[in-house]
Trainee: 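Following this message is one structure expressed as structure tokens.
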Protein chains: 2
Amino acid sequence: MSQSHRHALILEKIQASGFVSIDELVESFQVTPQTIRRDLNQLAMEQKICRHHGGAGLESSTVNTSYQTRKVLNLEAKEKIAAALVKIIPDGASLFINIGTTNEIIARALLNHRHLQVVTNNLHVASILGAKEEFSVIIAGGEVRHSDGGVIGEATSDFINQFHMDFGIIGISGILSDGSLLDFDYREVLVAQAIIKNSRQVLLATDHSKFGRNAMVRLGTIGQADHLFTDTPPPEEIMAALDEYQVILHMV
Amino acid sequence: MSQSHRHALILEKIQASGFVSIDELVESFQVTPQTIRRDLNQLAMEQKICRHHGGAGLESSTVNTSYQTRKVLNLEAKEKIAAALVKIIPDGASLFINIGTTNEIIARALLNHRHLQVVTNNLHVASILGAKEEFSVIIAGGEVRHSDGGVIGEATSDFINQFHMDFGIIGISGILSDGSLLDFDYREVLVAQAIIKNSRQVLLATDHSKFGRNAMVRLGTIGQADHLFTDTPPPEEIMAALDEYQVILHMV
DNA sequence: CACCAAACGAACATATTCGAACAATCAAGA
DNA sequence: TCTTGATTGTTCGAATATGTTCGTTTGGTG
């Protein structure tokens, strides 16, 4: 039994079951554990497998990546943005919060406030803030989006239109350099527009990954916002737009 | 069984159900609780999971409600009730689900169904079922109750009245021996009545602790239900009422 | 608020696994 | 035959994983 042949068989075994122990391989090939270790280390060096204590397995490209990592994507930046944003919201204020992971982090940051009145179309936000006794939380009705627990649709924007609040906190999927605000879902855009219409002040929260990113549906322009919270300096064109429309920029 | 392999399986379990208890994992892997604790702490350190007293769950705010459902009173009975109830619901059905921990467990049990259309005023149910691609989930709008994530109020029952569904799944706070259905919150009663009115069949789920328990607001009578699911034989008077109104009793 | 059981973490003991160094074996070529 | 390099076996101290014990913390209940 040659080394290369053994390597091939080891790889095959790992592909089959996702994992092999050293004992198993010792039994199969009738060689010493040390030999197997050398084999595994070599294969690991070539990035073919993932070495572990007691054996080896496939590279950990399992399921947990998509949702989990998306949630922590730019987590630090988002937390800083959230911390800055909640500072300008006084206790007792009324506010809209819409969809987006950034908004969920903002919701968490708001837990230290007192007596807020919140209208949201974000299931997670409703759940986070609804747990706090002294908050009044209203969820907008409508269809629940599978991907992120957002509530969307015409009924939802109608519902939003019943309210007029101090602040509207908007998460955004993309900002073009001409100042266009973009989102992927037309039904969500309806809701965001309703929020903008019914808010005395519009707060836009966005991390650097959103600048220049394209999306399908135009939501409005950056001039409709009163404050923009971000973690890196926006491109020049957007800076100019901010200036023109007197949008206050908060950089963290 | 190596540590890393165990870690991967633990993550898988948590992704599947939102929460795992230490006992569960001890049973699965045949190791001591201390080992599981070390595993969970390590995974928590890597931000993969969210550690709780007695187990661990996803970090997502809404899904961790499944953590709370683990502490539910009479959990085992409720799980059996849920299993029996979902059996009479066919794939593709449309249904209302209202407030209550039993209903949350029922929602979980429904995850194996296909193509359901659900209208609910329960944030947790919306979150549980909304995650499944092929379900259409609609949440009723209104004020969020702090204690349990229920959405209640006049706007909510108005919203419910827009729909007419095959089934109405109702959780109940108390049943008097004369067959009165009771709840603690007037605003929730409005919603429940709207659901009963707009359902072709009304399914009542209740464990033994509810029989004879008093509550403030009268919701209706047991005669309005078509099926009653419970874990122990009801008192005689209620049995008589079930008979009179031809309510089908399912005992698990 | 006091109580109790379950869960927890720290500390230690034990068993397993690891890697490094060295010896043994073998094949190929000078 | 001798040398060389590659591969494998062997040994041993270090690192890692798990079990065990025990005192502390936590969460639920009366």
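Keep in mind that what you see is a predicted model, and the values were worked out from it rather than measured. Residue numbers start from 1 in every chain, and the chains themselves are labelled A, B, ... in the order their sequence lines are given, proteins ahead of strands.
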Trainee: Does B:T35 place a side-chain N or O at less than 4.0 Å from the phosphate oxygens OP1/OP2 of D:dG19?
Mentor: yes
Trainee: Please tell me which of the listed nucleotides, C:dT17, C:dC18, C:dG9, lies nearest to the side chain of B:N41?
Mentor: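 Out of C:dT17, C:dC18, C:dG9, the nucleotide with an atom closest to B:N41's side chain is C:dG9.
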Trainee: With a 4.0 Å cutoff (strictly under), does any side-chain N or O of B:Q3 reach OP1 or OP2 of D:dA17?
Mentor: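 Answer is yes, contact under 4.0 Å.
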Trainee: Measure from CD1 on A:I36 to P on C:dT16 and round the result to the nearest Å.
Mentor: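 Computing the A:I36:CD1 to C:dT16:P distance gives 19 Å.
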Trainee: Out of C:dT17, C:dG9, C:dC8, which nucleotide sits closest to the side chain of B:H53?
Mentor: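 When the side chain of B:H53 is considered, C:dC8 is the closest of C:dT17, C:dG9, C:dC8.
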Trainee: Return the 5'-most residue of the pair B:R51, A:G54 with respect to DNA chain C, ranking by each residue's nearest nucleotide.
Mentor: B:R51
Trainee: B:Q34 has an atom CD; how far is it from atom P of D:dC22, in whole Å?
Mentor: 14 Å
Trainee: Tell me: CZ of A:F29 to P of D:dG9, nearest whole Å?
Mentor: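 Distance check: A:F29 CZ to D:dG9 P gives 13 Å.
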Trainee: Calculate the interatomic distance between A:Q42 atom CD and C:dA20 atom P; express it in whole Å.
Mentor: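 Rounded to the whole Å, the gap is 14 Å.
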Trainee: Show your reasoning for whether salt bridge (charged side-chain N to carboxylate O under 4.0 Å, His left out) applies to A:R6 and A:D39.
Mentor: CA-CA 8 Å; A:R6 212 173 46 234; A:D39 289 341; 2.6 Å; yes
Trainee: Write down the distance between CG (A:D23) and P (C:dA15), rounded to a whole number of angstrom.
Mentor: 16 Å
Trainee: Got a second to check how far B:H208's NE2 is from B:R213's CZ, nearest 0.5 Å?
Mentor: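 So the gap between those two atoms works out to 11.0 Å.
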Trainee: Quick check on the 6.0 Å ring-centre criterion: do B:H250 and B:H227 meet it?
Mentor: yes
Trainee: Measure the distance from CD1 on A:I22 to P on D:dG9 and round it to the nearest whole Å.
Mentor: 13 Å
Trainee: From NE2 of A:H52 over to C1' of C:dT16, roughly how many Å is that when rounded to an integer?
Mentor: 17 Å
Trainee: Any idea how B:H5 and A:F19 line up, ring-wise: parallel (<30°), tilted (30 to 60°), or perpendicular (>60°)?
Mentor: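 Judged by the thresholds at 30° and 60°, the geometry between B:H5 and A:F19 is parallel.
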Trainee: Please round to the nearest 0.5 Å and tell me the distance separating atom CD1 of A:I14 and atom CG of A:L40.
Mentor: 6.0 Å
Trainee: Name the nucleic acid region contacted by A:D39, choosing base, sugar-phosphate or nothing; use a 4.0 angstrom heavy-atom cut-off, strictly under.
Mentor: nothing
Trainee: Is the phosphate of C:dC8, meaning OP1 or OP2, less than 4.0 Å from a side-chain N or O of B:R38?
Mentor: no
Trainee: Whole-Å distance between C:dA11 P and B:R37 CZ?
Mentor: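 Taking atom P of C:dA11 as the reference, CZ of B:R37 is at 16 Å.
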